[in-house]
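Okay, structure first, notes after.
Residue numbers begin at 1 in each chain, while the letters A, B, ... track the order of the sequences. Only a predicted model underlies this, so the values are computations on that prediction, with no experimental measurement involved.
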Amino acid sequence: MQAGTVPLVAATDYLASGAIKADFPILQQQVQGKPLVYLDSGASSQKPQVVIDAMTDYYRRDHSNVHRGVHTLSQRATLAYERARQKVADFINAPSSSDVVFVRGTTEAINLVTNTYGVSQLQAGDEVLITALEHHANIVPWQMVCERTGAQLRVLPINDRGELQLDRLDTLLTSRTRIVAVAHISNALGTVNPVAEIIARAHAKGAVVLVDGAQSILHTGIDVQAMDCDFFCFSGHKVYGPTGIGALYGRQSLLQQMPPWQGGGDMIRVVTFEKTTYADPPLRFEAGTPDIAEAIGLGAALDYLSAIGLDKIATHEKTLLDYATRQLNAVPGLRIIGTAAHKAAVISFLLEGIHPHDLGTILDAEGVAIRAGHHCAMPVMQYFSIPATARASFGLYNTKADIDALVAALHKARELFGL
Amino acid sequence: MNDLRELYQEVIFDHNRHPRNFGKLEGATHEADGYNPLCGDRLHLYLKLDNDKRVERVTFEGEGCAISTASASLLTEALQGRLEADARILLQDVVAMATGNAVDTDTLGKLSVLSGVQEFPARVKCATLAWHTLESALDQNGDAVTTE
């Protein structure tokens with residue numbers, strides 16, 4: 001099988017058998033003398049050779065600064081960069097590529113919204129509604145803008161299964177609610193939130209909605225028009241693309257209203273010392289030379305996924321989630337944290353008698369990479385009265401054999417601890 | 001697995017399962033909080049120093065990984081009866097050992113089990129948390145209790 005190509009036939013087998021691992025050079029290594037079993041895609045995903053090649057090829061053949069030059073290389077670079085923007089727009093079914101702003105990642109996207117839309121729209125006494133499931137990136141910027149503007153931050157609570165308490169939503173959506181910010185999928189618990197419903201109810205109350213898609217972009221097809229969200233953001237490095245790039249989708253009518261964010265080149269129309277005028281979106285929000293190679297890498301990643309088929313990936317990951325849930329529940333003393341009815345392939349758990357931190361170290365000695373900690377979701381940990389969890393998060397390259405390796409390592413850990 | 005057994009020696013397991021001097025100390029003269037936000041280890045250290053600045057009693061509360069718990073438990077054993085000045089030297093030796101320096105089993109005794117963490121750089125902070133907390137506690141005067 002040639003690296004980087006996907007056979008037209010039986011893509012699901014290609015996933016189930018793990019043959020697709022061959023596309024990812026980093027997965028070929030050993031860690032601590034054992035084959036690497038990478039179960040930390042929720043923190044960052046690995047990159048297929050085609051993505052790495054797209055970036056190095058760009059530097060080898062096409063690089064120059066974008067948007068400003070008339071020579072051949074600058075035109076090639078501009079074309080490649082804007083083509084990547086179109087790929088993002090197509091991937092999330094945005095009406096136009098001018099609705100897509102390139103940013104560094106989800107965190108930067110949310111900060112962009114709070115510092116432009118938030119600052120210009122929020123007044124004292126207004127409300128911003130987030131949820132108890134959020135990653136710090138979708139909490140702290142809102143806290144900051146509320147403090148700045150005098151707006152109030154409200155929080156939609158969760159239940160013991162790690163699901164949003166939707167019956168509290170109507171009470172928390174008041175006539176003062178201006179903005180709702182919600183994760184599509186919880187990074188700590190794997191809960192899939194019913195964002196379309198939340199958006200409909202928020203719109204009925206006159207609020208706009210930002211959806212944090214950092215964890216959903218790699219697990220499920222995204223259609224921002226069907227979802228009817230006002231903002232959607234994600235990070236490239238979580239969807240098999242490079243670090244340092246992400247995208248913010250914004251409803252064009254809102255982007256038009258938003259004042260510029262960072263000032264500099266590219267985001268302007270005319271600059272004089274008397275007055276400077278600003279460019280239209282999306283460039284209004286892209287000051288300075290962008291992460292061109294990274295945008296191109298992101299485009300290549302989205303192409304790669306589309307070639308495999310998001311639906312096939314979702315089917316494969318559902319199989320993994322079901323298998324892992326069964327196998328983990330069979331380990332004595334293991335408790336899964338986050339048991340929502342609708343989950344993505346993310347499992348947080350505790351093993352009685354072994355702190356997640358110790359578990360992480362012991363599993364690492366077996367070549368198994370999981371994450372142990374609060375996952376940048378301290379309020380979630382607080383809700384369950386725990387300091388941390390161990391988390392296994394799956395990507396398209398994971399297999400049942402990977403899950404078996406995880407379970408074997410957990411048994412070894414219990415043995416080491418005399419349990 | 002060898003390095004792992006160096007890190008998780010029987011002494012570590014013992015002190016993790018049965019931490020010594022665990023609990024609140026009434027009449028403490030020095031106290032401090034220690035917290036590792038990256039992994040969730042947290043502890044509260046209580047010290048009672050007598051008029052000669054000798055450690056009469058030291059206890060701790062908190063929750064964390066086996067390394068941080070064992071380290072805190074071993075600390076409370078090692079500090080018993082020591083002068084503050086000696087405690088400060090000991091804490092520097094422990095931190096130095098955890099961060100890769102040579103292990104002097106004569107001065108460190110049982111504490112040398114913490115040297116296993118040298119092969120696990122991500123866990124050094126677990127081993128040193130209690131000791132940095134100790135430093136913080138000693139740096140206060142007897143009356144005011146501040147937390148980090």
| note | The interface call for Asn36(B) against chain A, heavy-atom contacts under 4.5 Å, is neither

| query | Under a 4.5 Å heavy-atom cutoff, which of Ala122(B), Cys65(B), Ser68(B) has the most pairs with chain A? | reply | Cys65(B)

| task | Could you tell me which portion of Arg17(B) (side chain, backbone, both or neither) has an atom closer than 4.5 angstrom to a non-hydrogen atom of chain A? | result | side chain

| said: Angle between ring planes, Phe24(A) versus Tyr397(A), binned at 30° and 60°: parallel, tilted or perpendicular? | reply: perpendicular

| task | Verify the neighbour count for atom CD of Gln32(A): are there more than 12 heavy atoms of other residues, nucleotides or ligands below 6.0 Å? | result | yes

| note | Bottom line for Met381(A): the part with an atom under 4.5 Å from chain B's heavy atoms is neither

| Donor-acceptor side-chain pairing of Arg104(A) and Asn111(A) below 3.5 angstrom | no

| request: Check whether any side-chain N or O of Gln215(A) sits under 3.5 Å from a backbone N or O of Gly42(A) as a donor-acceptor pair, and report yes or no. | output: yes

| remark: Whatever's closer than 4.5 Å to a heavy atom in chain A on Leu7(B) counts as side chain

| task | Quick one: do Tyr38(A) and Asn398(A) satisfy side chain to side chain donor-acceptor pair (under 3.5 Å)? Show the steps, please. | result | CA-CA 8 Å; Tyr38(A) 189 75; Asn398(A) 289 122; over 6 Å; no

